[in-house]
There are 2 protein chains.
Amino acid sequence: MAGVRRRVPRQADVARLAGVSQATVSAVINGRARESGIPEQTVRRVEDAVRQLGYVANAAARSLKGKGNRLIGVHSFESMFPIDQLDFYHEFLTGIEQQAVADGYDLVLFASTESADGRRHIYRDGTNRLALADGSVLIGVEHNASDLARLAGEGYPFVHIGRRTVPGADISWVSADYATATADIVARLAGLGHRRIGYITCADRVDVHLDKEAGYRTGCAAAGLPELMYVIDPGHVDDAWLDAVLATGLTALLLEGAEIATLVAALLDARGLTVPGDLSAVVLVNLPAVGAPRWSSLRIPRNEMGRVAVKLLIDLLADPAPAPARHVLLPCEQLDDITIGPPKG
Amino acid sequence: MAGVRRRVPRQADVARLAGVSQATVSAVINGRARESGIPEQTVRRVEDAVRQLGYVANAAARSLKGKGNRLIGVHSFESMFPIDQLDFYHEFLTGIEQQAVADGYDLVLFASTESADGRRHIYRDGTNRLALADGSVLIGVEHNASDLARLAGEGYPFVHIGRRTVPGADISWVSADYATATADIVARLAGLGHRRIGYITCADRVDVHLDKEAGYRTGCAAAGLPELMYVIDPGHVDDAWLDAVLATGLTALLLEGAEIATLVAALLDARGLTVPGDLSAVVLVNLPAVGAPRWSSLRIPRNEMGRVAVKLLIDLLADPAPAPARHVLLPCEQLDDITIGPPKG
DNA sequence: TCCGGTCGCTGATACGAATCAGGAGACGGT
DNA sequence: ACCGTCTCCTGATTCGTATCAGCGACCGGA
C-alpha cells in the first residue's frame with residue numbers, strides 16, 4: 001500500500017473538483033443529466049473528476065435513500081463452502097454467479113450472520129443484514145420459518161432456492177420438479193412390467209420430500225399400482241427389515257436420498273442380491289461422486305436453479321409494486337439407466 | 001411477498017411507543033444503557049416496544065453512520081466458480097469465508113466487472129467497483145500489473161493471494177513458501193543418494209514459478225549438486241526430448257505443474273519406465289483428483305492462505321495510518337512419499 | 001438558601017446520496 | 001423597460017442511526 005491513504009471520495013469531493021454542486025454530480029452519475037438539462041460539457045467535467053478521484057457511490061448511503069446498489073445477497077442457513085458438501089452449494093453458486101455476471105450485479109455472501117452453533121440467521125442483534133443488498137437469494141435445506149415469514153412481511157425482495165411453504169407468507173421460490181420426475185420414473189418402471197414399486201423415505205420430511213412423495217403417489221395412481229411407502233429411521237434398518245420389505249414382492253425401489261441408498265445397497269449386497277438383476281433401483285437425488293452406490297438417479301438442475309433464482313429476483317426488483325410471489329419449477333432429468341431393468345422372473 | 005406492505009418501524013417509532021427519545025432507544029439497543037445511566041425499568045420499556053413493533057435496525061443507516069460496511073471484497077481475474085477449476089478457488093474461498101465469519105464480515109464477490117472476453121477488471125469505465133467494500137482480497141494466477149499498481153497507488157486496502165511484485169507498488173500478499181518446500185525436497189532426495197536431480201518447468205514463468213526455481217537452486221547449492229533445469233514448451237516435448245534428458249543421468253525429477261507431470265508420465269510410461277523404481281518424481285503443485293498422475297506432490301495450504309489474507313486485510317483496515325505492505329509466507333507440506341525412492345542402481 | 005453533583009434523559013447534528021423546488025442569468029418579444 | 005421563457009444549475013431537505021453536549025430535576029452538604 002504505497003502512498004497516502006486518502007479519505008474515500010464523496011460526491012462533494014467530485015463536485016468541488018468539477019466546479020459544480022453535489023446535486024449536479026448526483027444527476028450525472030445517475031444518468032439524469034439529459035433530463036436535468038445538464039450540457040454535455042459539464043457532464044464530461046464531472047465524469048473526468050469521477051475518474052480522477054476514483055469515486056464510487058457509498059452502498060450504505062445509496063440504499064438508505066432507497067436506491068439499489070446492484071448488489072444481490074446470497075444467504076444460506078449454514079456455511080457456504082463446507083468441505084463435505086462441496087458439490088451442493090458450488091453448483092448453485094455457479095449458476096448464481098453466471099446470471100449475476102450477465103446482468104451486471106455483484107454478489108454479497110452473508111457470512112457475518114453466523115452464530116456460535118454454526119447456524120446462520122437472517123435477523124441478528126435485531127438487524128437484518130440482508131438489507132444491504134437490493135434483494136437476496138436464500139439457499140438451504142434447513143430453514144427458519146419465522147425468519148422467512150418476517151422477511152416476507154417486511155416486503156424485502158427475495159427468492160428461495162427450493163420450494164418453501166411458510167404459513168402466512170407467500171414466498172417466491174425456484175425448485176426442481178421432483179414430483180413430475182418421480183412420477184415419470186414410476187411410469188417408466190411400470191412400462192417395463194414392474195407391478196410392485198416401493199418408495200423408501202425418511203421420517204423427518206420437508207417440502208422437497210413431500211414433492212417426491214406426491215409424485216410417487218401420482219405415478220402409482222396413473223399406472224394403477226399400489227403405494228408401497230416405507231418410512232424408515234436410517235439408524236434402525238437391518239436384515240429383518242429388508243426381509244419384511246422383500247417379502248411383499250417388490251421388484252423396484254425408489255430411494256429418497258444418498259444415505260438411504262447406501263444403507264440399502266449394503267443390505268442387498270450382504271444378501272447377495274444384485275441391482276438391477278434382482279431389483280431395479282433409482283435414487284431421487286444427485287448422488288455424490290464417492291460414498292454412494294452408483295445407481296440411476298435424478299440430475300437436479302442446480303446450476304439452472306441458481307440462474308433462474310437470480311433472474312427472478314431481478315424481475316422482482318424491477319417491479320416497484322409489491323408483486324405476488326412467483327414460483328418456478330425446473331425439469332429434473334433422470335440420470336442414466338444402469339440400475340433400471342425389467343422385473344425378475 | 002404477501003399482505004400490506006406496512007412501513008418498517010424505525011427507532012423513532014419505538015421511541016414514541018416507549019415514551020422516550022430516539023437517542024435513548026439507540027442507547028438501549030446498542031447496549032450503552034448502563035453507561036448512559038438509563039435505569040432498568042426504562043430499558044425494559046424500550047425492549048418491550050422493540051418486540052411489539054418487531055423493530056430491526058436498518059443496516060444501511062448503521063453502516064452509513066459508522067465508517068465501514070463490514071464488507072470484504074473478493075476479486076478474481078476470472079470467473080470464481082469455473083467448472084474446470086472447482087478445487088482451485090473453492091479452497092481459497094473456504095478459508096476466506098471462515099475468517100470472515102470469525103470476524104463478522106460479509107463478502108462481496110465481484111462479478112459485475114466481467115467483460116465480454118470473460119476476464120475481470122478492477123477498473124471499468126475508469127471507476128473502481130472494489131471501493132464498494134472496505135477492502136479486498138484479490139486472487140488469480142493472471143494479473144494486470146497496471147491495475148494493481150493503480151489500486152495500490154490510490155491507497156485502497158487489499159491483500160493479494162499469491163506473491164506479486166509490481167514495479168513501483170508495494171503490495172501486501174499471502175503466499176505459500178514454495179522456495180523452502182522445493183529446497184527441502186531437493187535436500188530429501190539428496191539425502192536418499194540422488195546426485196542428479198532435474199527440474200522441469202515451463203517457459204512463461206510468473207512469480208510463483210520463480211519461487212520454486214529459487215528453492216531448487218538453493219537446494220542444489222546446499223547439497224553440492226548441479227542445477228539441471230529444463231525449460232520446456234508443453235506442446236513440443238517428445239521421445240527425443242526424453243532421451244536427451246535421461247542421457248544426462250538423472251535419477252529424480254521435480255515437475256512444475258500437473259500438465260507437465262501428465263506429459264512426462266505418459267512419456268515414461270511409453271518407455272516402460274516406472275516411478276519411483278527407475279526415477280523418483282515430485283510435482284510442485286496440488287494435484288487434481290483426476291487427470292494427473294498420482295505422484296508425490298506439494299500440499300499448497302490454500303485454506304490457510306485465504307484465512308490469513310482476510311486476517312491481514314482486517315489488520316490493514318484497523319490501522320488508520322498508511323501501513324507498509326505486509327507479506328506472509330505459509331509453509332507448504334510435501335504430500336506423501338509414494339514416488340520418492342532411492343536412486344536406481 | 002445556595003452550590004455542586006449525580007441521574008436520566010433529550011435535542012441537535014453528522015454520515016453520503018437522491019430529489020425537488022426554485023433561482024440566477026441569458027435571450028427574445030413587445 | 002418589462003415580461004416570459006428557457007437553460008443550467010444550487011440549496012435545502014430527506015432517509016435512519018449514532019453520538020455528544022447539555023439540561024432539568026433532585027439530593028446532600030454547608
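Per chain, numbering begins at 1; letters A, B, ... match sequence-line order.
One can place CG of Leu64(A) at 9 Å from P of dT17(D), the figure rounded to the nearest angstrom. As rounded to whole Å, 11 Å separates atom P of dC8(D) from atom CD of Gln41(A).
Identified under the salt bridge (Lys or Arg N to Asp or Glu O under 4.0 Å) test for residues 22-41 of chain A, with sequence neighbours left out: Arg34(A)-Glu40(A), Glu40(A)-Arg44(A).
Residues from residues 11-25 of chain B with heavy atoms under 4.0 angstrom of DNA chain D, sorted by number: Gln11(B), Gln22(B), Ala23(B). Of the residues in residues 33-40 of chain A, those placing a heavy atom less than 4.0 Å from an atom of DNA chain D are Ser36(A), Gly37(A), Ile38(A), Pro39(A), in numerical order.
Scanning for side chain to side chain contact (heavy atoms under 4.5 Å, CB included) contacts around Val50(B) gives Val14(B), Ile29(B), Val46(B), Tyr55(B), with sequence neighbours left out. Residues passing the side chain to side chain contact (heavy atoms under 4.5 Å, CB included) test with Arg307(B), sequence neighbours excluded: Gln98(B), Gln99(B), Asn303(B), Glu304(B). Here Asp134(A) pairs with nothing under the side chain to side chain donor-acceptor pair (under 3.5 Å) rule; sequence neighbours left out. His121(A) meets the ring pair (Phe, Tyr, Trp, His ring centres under 6.0 Å) test with no other residue; sequence neighbours excluded. Partners of Arg163(B) according to the salt bridge (charged side-chain N to carboxylate O under 4.0 Å, His left out) rule, which considers only residues two or more places apart in sequence or in another chain, are Asp211(B). Partners of Arg62(A) by side chain to side chain contact (heavy atoms under 4.5 Å, CB included), not counting sequence neighbours, listed by chain and number: Asn30(A), Ala57(A), Lys67(A), Asn69(A). With sequence neighbours excluded, the residues forming a side chain to side chain donor-acceptor pair (under 3.5 Å) with Ser21(B) are Thr24(B), listed by chain and number. Val308(A) pairs by the side chain to side chain contact (heavy atoms under 4.5 Å, CB included) definition with Val174(A), Val328(A), Leu330(A), not counting sequence neighbours.
For the pair Asn30(B) and dA18(D), the criterion of a side-chain N or O lying under 4.0 Å from OP1 or OP2 is met. OP1 and OP2 of dT17(D) both lie 4.0 Å or more from every side-chain N or O belonging to Arg10(B).
Along DNA chain C, the stretch of nucleotides lying under 4.0 Å from any heavy atom of chain A spans, 5' to 3', dG16(C) to dT19(C).
Using a cutoff of 4.0 Å between basic side-chain nitrogens and carboxylate oxygens, Arg45(B) and Asp48(B) are not scored as salt-bridged.
Residues Val108(A) and Leu71(B) meet the side-chain proximity criterion, which asks for heavy atoms closer than 4.5 Å.
Contact of Lys65(A) with dT14(D) (side chain to base): a donor-acceptor pair of N or O atoms is detected under 3.5 Å.
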